[in-house]
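Contents: one structure, followed by commentary.
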Amino acid sequence: MAKQKTSKTSKKVDQLAEHIKDFKDKTLTTNQGLKVNDTNNSLKAGERGATLLEDFLLREKITSFDHERIPERIVHARGSGAHGYFELYKSIGKYTKAGLFTDTQRKTPVFVRFSTVAGSKGSPDLARDVRGFAVKFYTEEGTWDLVGNNMPVFFIQDAMKFPDLIHSVKPEPNKEIPQAASAHDTFYDFVSRATETLHNHIWVMSDRGIPRSYRMMEGFGIHTFRFINEEGKSHFVKFHWKPILGVHSVTWDEAVKINGADSDFHRRDLWDAIDDGQFPEWEFGIQVVPEEEEHKYDFDLLDPTKLIPEELVPVEIIGKMTLNKNPENFFAETEQVAFLPGHIVPGIDFTNDPLLQGRLFSYRDTQLSRLGSPNFHQIPINRPVVPSHNNQRDGHMQTEIPKGQTAYFPNSLSMGCPHLAKMAEGGFTHHQERIDAHKIRSRSTSFSDHYSQPALFYRSLAKWEQQHVADAYTFELGKCNHQEIQERMLWVISQIDQQLAKQVATGLGLQIPKSIEQPVNQAIGADADVDDFQPQPKKEYLKKDPALSQAKTKFDSIATRQIAVLAADGFDMKSFKPYKDALEKAGAVVKIVAPHGGNINCNQDMKHIVAAAIMTTESVLFDALLIPGGDESVKSLLKTAKFTKFIREAYKHCKAIAALGAGEKLLKNAGLPDYKKDKAVFIEAKPQKFIEGIAQHRNWERMEQTDAIAV
Ligand code: HDE
């Protein structure tokens, strides 16, 4: 223990040295470099005031403070970022000429920002929501931004509807309630009318809407993009991120409680993992469809509310991303980073997905109001790693000093420079797609299947996942005040799955209506024949797509899992030590939770650092529980009811629990039903068994009994 303490302390000292290296031995100055000898007192006429207008030191400090904030993002305001790199396993030159996908020697730097969508900047991390998964690749051919989400589809099919979608989910405009929550009337009013939303929506109702960690989420580019190879041939492509730690989520009961116990749960988790050298990793995969097969499927590749089932087109893994560095300054990097889907590199191109097309406008536009200037690319986090030269000039906060007499092209005074890229130098060319069409304000009928893929998703889930979906719908609709909205939702859910709708209806105490006023696809042109655009009844072109279920994810690691050790003075070291060693060797983080802070002594009279006093922490912040033996320790834990709550909650949330020796008394005292038969409760078991139990993430079979556990 002592050894560990020393190394942690020296790490902290090193970090401190690193943090202060920029201002070590430096004198405090004004922005003009004037040395300052008092930054605590304003300039006053006499000791008791008044303050003098002349005080330029006060004015500079306060003015800077007054303008510290910039407008938060309209959506995805709450987020966290990290630096890292991307490595390619194998060249895919047959599909694309993009350097980052052909040169296996490269290590492409990246900056990633994860986010929620609906909440404000200070909202809690565990809102039920989509998560943003935006990656900036600083490539040698310029910056490529893959601005995706943790779900493979989006709510709407046309950019035109985005403001409506977002206005419906944001706090209602009259009362500014609720914050970071979709469970309210306006959202379901919209969802039940714009049924194209149902696919993304059922993903949000599933466990994907409440991830255990950013590090345990998949990422998707969503839209179908194009790859262009050296010969100019185009392939359709979808992009995927697959987390090395697998895809895992918390339960809704936990999510609600985590938001109270640690509203920075995801942010802290990402930071701590990187800080501890446990670098998050994702493999990068592609689904490629040849141009000739564009119309082969039962859905339109240009429709962003549809995924390509992995059963039909497998994901080919081609590389890996590792995040290995936390930002130095949240504002300068994570807040000011500007992602634009329009930032692409030769070898990648857009399709006509109408949502993607709209995004190509929106992101540049939003950066202008958020960052205040077209020069946002000069902010360090947004700078490409390759030099940029052009004739764009001036504007707010120009930080460069462009030289020379000319700022136009063509010119002769500067010998035509900066000159145009020759093809051999990799100048960007657009894929020459032939378009010959009428100008219309309408939507393709190939976009009007709104039920088949939500149904496929639901069918592909494990029983416990389906139960979570039903519970989520029941919770969300239960928060609506308008019965006609609840009933319209029940009807549209019944179009996805009758049984699911019945379950939700029972929870709401309502009947599924036999029919409803037609859920008109709101985006169709006013003159269009409404009936032609009704969502089609669902089809079943695939029984199941196993890749959609979290039950099929990885369960082979406990790296970075947080293990709470419930202990007090006198706990038994002999039986605890092999557990601690085995858990730490497997990469888990073992933390003692005790009746008080500071240190406790084991029965071998060694001091152990307490990570958290029971008063300051909650069971929901941990992945598993270990209760060491030792009569004195157990006796003292039994005196504090919060330990009992801690254990009951961990059991309710289906987590792995191990008890050693007298530690089992705490399980008995907690009144856990049938814990002896439970496959994730380990009494006097070998540490390896406990490790395997934690790696399973949860024992969902336990769910059936846990409703009876009050906490
Ligand atoms: Fe965004 N989106 N979005 N979005 N989006 C923004 O840009 C927008 C969409 C996504 O961490 C904004 O810089 C429109 C799909 C992420 O900084 C804004 C439409 C997908 C982030 C904007 C969409 C996304 C944003 C707000 C419909 C997944 C956070 C601040 C046409 C593929 C990026 C900003 C970060 C952010 C507009 C739809 C993902 C307002 C108009 C589809 C991950 O420009």
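Both counts, for ligands and for their atoms, begin at 1 and track the order of listing.
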Hydrogens and angles aside, do Glu433 and Asn352 bring a side-chain donor and acceptor to less than 3.5 Å of each other?
yes
- Between Phe225 and Phe239, what is the ring plane arrangement, given parallel below 30°, perpendicular above 60°, and tilted in between? tilted
Pairing donors with acceptors under 3.5 angstrom, does anything connect the side chains of His223 and Arg359?
yes
ask   = Taking NZ, NE, NH1 and NH2 as the nitrogens, is one of them in Asp269 or Arg215 under 4.0 Å from a carboxylate oxygen of the other?
value = yes
task = Please confirm whether Gln367 comes under 4.0 Å of ligand 1, counting heavy atoms of the residue only.
result = yes
In short, Asn382 meets Leu371 closest at the heavy-atom pair ND2-CD1, 4.3 Å
If we number the atoms of ligand 1 from 1 as shown, the ones under 4.0 Å from a heavy atom of Asn149 are 20 (C), 28 (C), 39 (C), 43 (C)
Taking only non-hydrogen atoms of Leu355 and a 4.0 Å limit, the atoms of ligand 1 in range are 27 (C), 31 (C), 42 (C)
Per-atom filter on ligand 1: closer than 4.0 angstrom to a heavy atom of Ile222 are 28 (C), 32 (C)
Ligand 1 atoms nearer than 4.0 angstrom to some heavy atom of Thr366 are 7 (O), 13 (O), 30 (C), 34 (C), 40 (C), 44 (O)
Ligand 1 atoms nearer than 4.0 angstrom to some heavy atom of Ala159 are 31 (C)
Using modelled atom types only, decide if a donor and an acceptor are shared between the side chain of His248 and the backbone of Leu245 within a distance under 3.5 Å.
yes
In ligand 1, the atoms that come under 4.0 Å of a heavy atom of Phe339 are 11 (O), 17 (O), 33 (C), 35 (C)
**Residue-ligand contact Gly148/ligand 1, heavy atom below 4.0 Å** = yes
One finds that the ligand 1 atoms under 4.0 Å from a non-hydrogen atom of Phe154 are 9 (C), 15 (C), 38 (C), 42 (C)
Going by an N to O cut-off under 4.0 Å, is there a salt bridge joining Arg370 and Glu72? no
Using 30° and 60° as the class boundaries, would you call the ring planes of Phe114 and Phe133 parallel, tilted or perpendicular? perpendicular
among protein heavy atoms, the one nearest atom 17 (O) of ligand 1 is Arg73 NE, 2.7 Å
Plane angle bin for Phe111 and His83 - parallel if under 30°, tilted between 30 and 60°, otherwise perpendicular:
perpendicular
Check: If only atom types and distance count, is the side chain of Gln398 paired as donor or acceptor with the main-chain N or O of Glu400 below 3.5 Å?
Finding: yes
Any salt bridge linking Arg208 with Glu465? Criterion: basic side-chain nitrogen under 4.0 Å from a carboxylate oxygen.
no
of all protein heavy atoms, closest to atom 11 (O) of ligand 1 is Arg113 NH1, 2.6 Å
The expected count of protein N/O/S atoms at less than 2.8 Å from atom 1 (Fe) of ligand 1 is 1
